[in-house]
2 protein chains.
Amino acid sequence: MTATEQRVGEQRPGGRAERVRTAVLEATSELLTEVGYDRLTIDEVAARAGVHKTTVYRRWPTKPELIAEAVRVHSDENVPIPDTGTVLGDLQALASEVVANIGSDGGTRRSRSIAAAAATSDELATGLHEFWVHRLAAAAPIIERAIARGELPPDSDANLIIETLVGPIWLRVLLTGEPIDDDLAERVALLVATGAAHQQPT
Amino acid sequence: MTATEQRVGEQRPGGRAERVRTAVLEATSELLTEVGYDRLTIDEVAARAGVHKTTVYRRWPTKPELIAEAVRVHSDENVPIPDTGTVLGDLQALASEVVANIGSDGGTRRSRSIAAAAATSDELATGLHEFWVHRLAAAAPIIERAIARGELPPDSDANLIIETLVGPIWLRVLLTGEPIDDDLAERVALLVATGAAHQQPT
DNA sequence: ACTCTATCGCAAAAGAGGTTGCGTTTGTGC
DNA sequence: GCACAAACGCAACCTCTTTTGCGATAGAGT
């Protein structure tokens, strides 16, 4: 096994190549929130990044792949996981963060763009899958702490609870178009927290 | 005011024009579930409908508009609203129906396509909004009956409950890519029903 | 039946997104 | 420094989508 075989794809990580990569992903992320998925053109991404479009096409063969990486990089600036001392408080805070993130004009466009990209590319869909596994795992401590405090039954399903918390918010942004605000966040959190606390094995 | 001014858009509802309209919308709906949003081309829609592509372009200027109408027409075949006698039963049945609808291969492609289309067209987005208002209103009796039976507090928010029920299911289909099945439907329903029943004013 | 006009089919052309070949620049290892 | 290979810029090219002009067809009213 030679050195060239060992690491494919990051063969020349120093200097220009990396600058180009960063600039393109940054430009992609910006345009994503500004104009949305379909009106984002590779040509314009390249122009904003100060790069020729051929370069972009060579690195990222398809639009979804480009967006996939841009989203992945950009969302490493993680949403903090709240720790307020109660499940209800934590869930409300988390829901509020989600609302703040995807509720703004740009955030909504960005969120819808991601969904659109996922719809057109299985690769991005699986990439998103990994991202969400991470995100949900990161939020799991909220539930674990609640179990430790005795607020929730020990067999509580952290993923299910978090998904049920954020699901309706995303639903509104992606499909129903109903407005989202902190009031919604509070009420969903209350509904879910109450349900989780009183859960009984059937 | 002349007769031509009175009704614009349905000026010649008899015969061929209507046949064309139906055929195109039908073809669109089929292709939507078969190949998805981005690989659906106007040309192929026209071919399948036995119509020239110019005709399609003239009636529906953009792809999202075409899809918007196709979806609107096709979803009048309504999902039945269950009436099992208990909130939990109703919610489980409803969630199961949603899972069945959007969980199949074609259903998933179709659902993602709709989301993608909504992302690219504000018109479709508002069209979807109306559709969802209808859909949620149709499901409201589940909650009203439960209130009447004393299962739920009288100030229960029907929309919120239904949205929280179906939100996580759609979330998985559109974003996380996590599989959905009847088990998920049951557990979400249990969580939401429990939460709704024990809800207390804060 | 006859006329009028909305609607459609057809072909040609315009436009935009994406691809390819080749020369040049820029890291990287010696 | 020097040579080699990777990555980039450029321009021409190609393909697919969308538009446009015109003649043909078929409802709708008389």
Side-chain angles (χ1 to χ4, degrees), chain A residues 2-28 31-32 35-69 113 116-117 120-121 123, chain B residues 1-28 31-32 35-67 69 113 116-117 120-121 123:
Chain A
T2 69
T4 48
E5 286 179 59
Q6 283 182 346
R7 37 188 196 136
V8 181
E10 48 174 56
Q11 300 183 347
R12 193 169 275 193
R16 183 176 63 164
E18 186 55 27
R19 275 199 307 276
V20 168
R21 196 184 98 98
T22 307
V24 170
L25 292 179
E26 186 67 20
T28 302
L31 283 174
L32 215 54
V35 303
Y37 180 76
D38 65 326
R39 294 204 301 172
L40 176 147
T41 126
I42 305 284
D43 214 353
E44 201 175 341
V45 168
R48 181 173 298 209
V51 161
H52 201 265
K53 69 172 177 177
T54 313
T55 303
V56 180
Y57 276 116
R58 271 196 271 255
R59 281 225 204 188
W60 299 275
T62 71
K63 199 155 98 175
E65 286 177 71
L66 171 62
I67 293 181
E69 194 164 343
S113 298
T120 67
S121 154
E123 185 197 329
Chain B
M1 186 184 288
T2 70
T4 48
E5 286 179 56
Q6 282 181 347
R7 37 188 196 139
V8 180
E10 48 175 55
Q11 301 184 348
R12 194 167 275 192
R16 183 175 65 164
E18 185 55 28
R19 275 198 307 276
V20 167
R21 196 185 97 98
T22 307
V24 170
L25 292 180
E26 186 69 18
T28 302
L31 283 174
L32 215 54
V35 303
Y37 179 77
D38 65 327
R39 294 203 302 172
L40 176 146
T41 119
I42 304 283
D43 213 354
E44 202 175 340
V45 168
R48 181 172 297 209
V51 159
H52 201 264
K53 64 175 176 177
T54 313
T55 302
V56 180
Y57 275 116
R58 271 197 271 253
R59 282 227 205 184
W60 299 275
T62 70
K63 199 155 98 175
E65 286 177 69
L66 171 61
I67 293 180
E69 194 164 345
S113 298
T120 67
S121 154
E123 184 196 327

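We name chains A, B, ... by the order of the sequence lines, and we start the count at 1 in each one. We use all heavy atoms of the structure for the numbers below, so side chains are in, but hydrogens, waters and symmetry mates are not.
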Inset, instruction - For Asp43(A) and dG9(D), give me the distance from atom CG to atom C1', rounded to whole Å. - result: 13 Å
Legend entry - Thr54(A) side-chain N/O to dG9(D) phosphate OP1/OP2 under 4.0 Å: no
Inset, instruction - Report yes if a side-chain nitrogen or oxygen of Arg58(A) is closer than 4.0 Å to either non-bridging phosphate oxygen (OP1 or OP2) of dG9(D); otherwise report no. - result: no
Inset, instruction - Please state whether the phosphate of dG27(D), meaning OP1 or OP2, lies under 4.0 angstrom from any side-chain nitrogen or oxygen of Arg19(B). - result: yes
Legend entry - Thr41(A) backbone acceptor or donor facing Lys53(A) side chain under 3.5 Å: no
Legend entry - side-chain contact (heavy atoms from CB on, under 4.5 Å) partner of Val45(A), the single match among Val24(A), Leu32(A), Leu25(A), Ile67(A): Val24(A)
Legend entry - Atom-pair distance (CG on Asp38(B); C1' on dC16(D)), nearest Å: 14 Å
Legend entry - Interatomic distance, Ile42(B) CD1 vs dC16(D) C1' [rounded to whole Å]: 13 Å
Legend entry - OP1 or OP2 of dG18(C) under 4.0 Å from side-chain N/O of Tyr57(A): yes
Inset, instruction - Report the distance from atom CH2 of Trp60(A) to atom P of dA7(D), rounded to the nearest whole Å. - result: 12 Å
Legend entry - Exercise: identify the closest heavy-atom pair between Pro64(A) and Ala117(A): CB-O, 4.2 Å
Inset, instruction - Round to the nearest Å and state the distance from His52(B) atom NE2 to dA24(D) atom P. - result: 16 Å
Legend entry - Closest to side chain of Arg59(B), choosing from dG9(C), dT7(C), dC8(D): dT7(C)
Legend entry - Option among Thr28(A), Val20(A), Ile42(A), Asp43(A) that satisfies the side-chain contact (heavy atoms from CB on, under 4.5 Å) test with Val56(A): Ile42(A)
Legend entry - Length of the line joining Arg21(A):CZ and dC8(D):P, which is rounded to integer Å: 11 Å
Legend entry - Whole angstrom value for the distance that separates P of dT28(C) from CD of Glu18(A): 11 Å
Legend entry - Integer-rounded Å distance: dA16(C) C1' and Leu40(A) CG: 15 Å
Inset, instruction - Report yes if a donor N or O on one partner sits less than 3.5 Å from an acceptor N or O on the other, where the partners are the side chain of Lys53(A) and the base of dG17(C); otherwise report no. - result: no
Inset, instruction - Report the nucleotide, chosen from dG9(C), dT18(D), dT17(D), that has the shortest atom-to-atom distance to any side-chain atom of Val51(B). - result: dG9(C)
Legend entry - Closest approach of Tyr37(A) to Lys63(A) (non-hydrogen atoms, all atoms of both residues): O-NZ, 3.0 Å
